[in-house]
Amino acid sequence: MKSLFHKQPWHPTTLLMVLAVWLTTAGNLPMWFTVWQLPETHGFKAVTTLGSLILILLSMISWLLLFVVWPKWLKPAGIVFMAVVTSSSYFMLTYNVVIDPSMIANVVHTDAREVRDLLSWRMLGALLLGVVLPGIWWWRQPVKTVNFKPLALRQLGLFVLAWVMMFVFVWLSFQDLASLMRNHTTLRYMANPFNSVYAVVRLSVGQASQAAKPLLPMGEDAKLLAVPASEKEAPLIVLVVGETVRAANFGLSGYARQTTPELNLLKAQGDLVYFSDVSSCGTSTQTSLPCMFSHLGKAAYENSAQPYEGLLDVLQRAGLAVLWIDNQSGCKGVCDRVSKWETQALKVPELCQDGECFDEIMLQELPKQLALLDPVKRAKGTVVVMHQMGSHGPAYYKRSPQAIKQFKPECQSSALQNCPAEQIVNGYDNSVLYADHFVSQTVKWLQAQARPTALMYVSDHGESLGEKGLYLHGMPYRMAPREQTHVPMLAWLSKPMQAQRGWRMACLQGQADKPWSHDNLFHSMLGLSQVATGLVKPELDIFAACAPGR
Ligand SMILES: [Zn+2]
């Protein structure tokens, strides 16, 4: 009899099936927990539904393994699969996220700082139980050498058997399963390792087809509506791209806590408009950022495999000086052809530690970086984008300096589920207080410049703080809760800017509560910068309705 500890060599196909059983059961615990807890699966029903789902998944996993794993690759492939299902399960259980192409895109573009924020003892425990211990056992198993022909026949036979088994169980429980998948769409993204395999394949195919196409230039007809007579009249416009700030916790949107006291004061002075109903393009930086700077808008952007130039290229082509300052994990391609400066290498003791800096570092560096831009372009006007660290989770408590913190105690763990809900919100709200301070300080700096200045602020996506058991962001858009897609946006215009443009703030205030989205950013930024091009759709430009003569 074969025991788990036998030293008789395994037939490679048998060992492969052991792996299939492990991946199906232990490797899919989040899915089995979820199905078990669903309201429509009670008692006996839960057992039959769960039973058939497990057997269907077992057939599918066997099918996949028989297809891709040959004895030569058996050991390393097994470890890779264990690592994939364990990390995917860990994130699903800890943050209730699901694994889809945009989530994998986030993983691929994550930098060391972000990884460090996610590490916790809990994660190390999961890796120990899911990869290290089973991996050691797996690696030590002796495997019989089998000739090609009998092995191929056996794998083929099992392949067919797995297919038949899958067919039979789907047929037997089709009604139940179909309604389950319809009512709980997230389940589709929970099946390990198919969620990851699908996402990786989908992403690479998408990227490969994008890479194969040439970048299309945009706005070749772009020009300035009026060329300033001197640098004193040349506008300076700052776009602050907020990170992970949701409208629900933004003081200006009527949140019960005053998380934006400084911006509130600026609004009272009459030069600031807060847009209360703004939807993001995506639910992650990776999806939102390129979409925000694209002329396409959400729907067309998602359906396009063609790479286009973006907003910053058009502004630059019109003759403006353009600068991107990054205190995040990069600009996801939108600043590739303009001047950029990253804070990561800086070691300013009062603002930076452990390789990351508070957002004020960008403001501190701004004058120096502006002076480095081409003076010919600067004389026509300058657009600066500042990409914030903002409220990037899960380590919210790291996103605000001590002096800013008003809400205590804060959750100090990256495994958010270990913290009481109010401590998570405290840490998050303190990060919003800091964003309020940073944006207000930027406005004050702009106020002090003797030229027309303006600032726009918009967050890239929102965040879940435990509502409905969800944490962080990155849910597929159509199933994402409003907390992840409703973002704060505001515009501030200096008095010289209002005078130069002939825009009345009262008119802009009238735009405040209309439903806007990231789709409006491209057109509004061109409007604000007074760039004329055939690409501009005035109906999408928030400022256009307030232009004189309209
Ligand atoms: Zn983001």
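Nothing fancy with the numbering, it's 1 onward along the sequence. For ligands, and for the atoms within them, numbers begin at 1 and follow the listed sequence. This structure is a prediction, so every number in the text was calculated from the model and none was measured. Scope of the values below: all heavy atoms of this structure, side chains included, with no hydrogens, waters or symmetry mates.
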| query | What pairs with His295 under ring-ring contact (aromatic ring centres under 6.0 Å, His included), at least two apart in sequence or on another chain? | reply |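 ring-ring contact (aromatic ring centres under 6.0 Å, His included) check on His295 returns Tyr308.
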| field | side chain to side chain donor-acceptor pair (under 3.5 Å) partners for Ser284, two or more places apart | value |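 Listed in chain order: Asn106, Thr287.
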| task | Return each pair, listed once, that meets salt bridge (Lys or Arg N to Asp or Glu O under 4.0 Å) where at least one residue sits in residues 193-213; pairs must be two or more places apart or across chains. | result |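 Every candidate salt bridge (Lys or Arg N to Asp or Glu O under 4.0 Å) pair involving residues 193-213 fails, so no pair, neighbours aside, qualifies.
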| query | When you check the gap from the basic side-chain N to the acidic O, do Glu309 and Arg317 get nearer than 4.0 Å? | reply |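 Between Arg317 and Glu309 there is a salt bridge, with a charged N closer than 4.0 Å to a carboxylate O.
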| message | Please determine whether salt bridge (charged side-chain N to carboxylate O under 4.0 Å, His left out) holds for the pair Lys398 and Glu356, giving the CA-CA distance in whole Å, both sets of side-chain angles, and the decisive distance to 0.1 Å. | response | CA-CA 10 Å; Lys398 289 187 183 170; Glu356 56 188 58; 5.2 Å; no
| Which residues and atoms, counting only protein N, O or S, are under 2.8 Å from the Zn ion (ligand 1)? |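 Atoms qualifying: Glu243 OE1, Glu243 OE2, Thr285 OG1, Asp460 OD2, His461 NE2.
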| request: Would you kindly check if the NZ (Lys) or CZ (Arg) of Arg257 is within the cone defined by 45 degrees around the ring axis of Phe407 and under 6.0 Å from the six-membered ring centre? | output: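 Cation-pi check for Arg257 and Phe407: passes.
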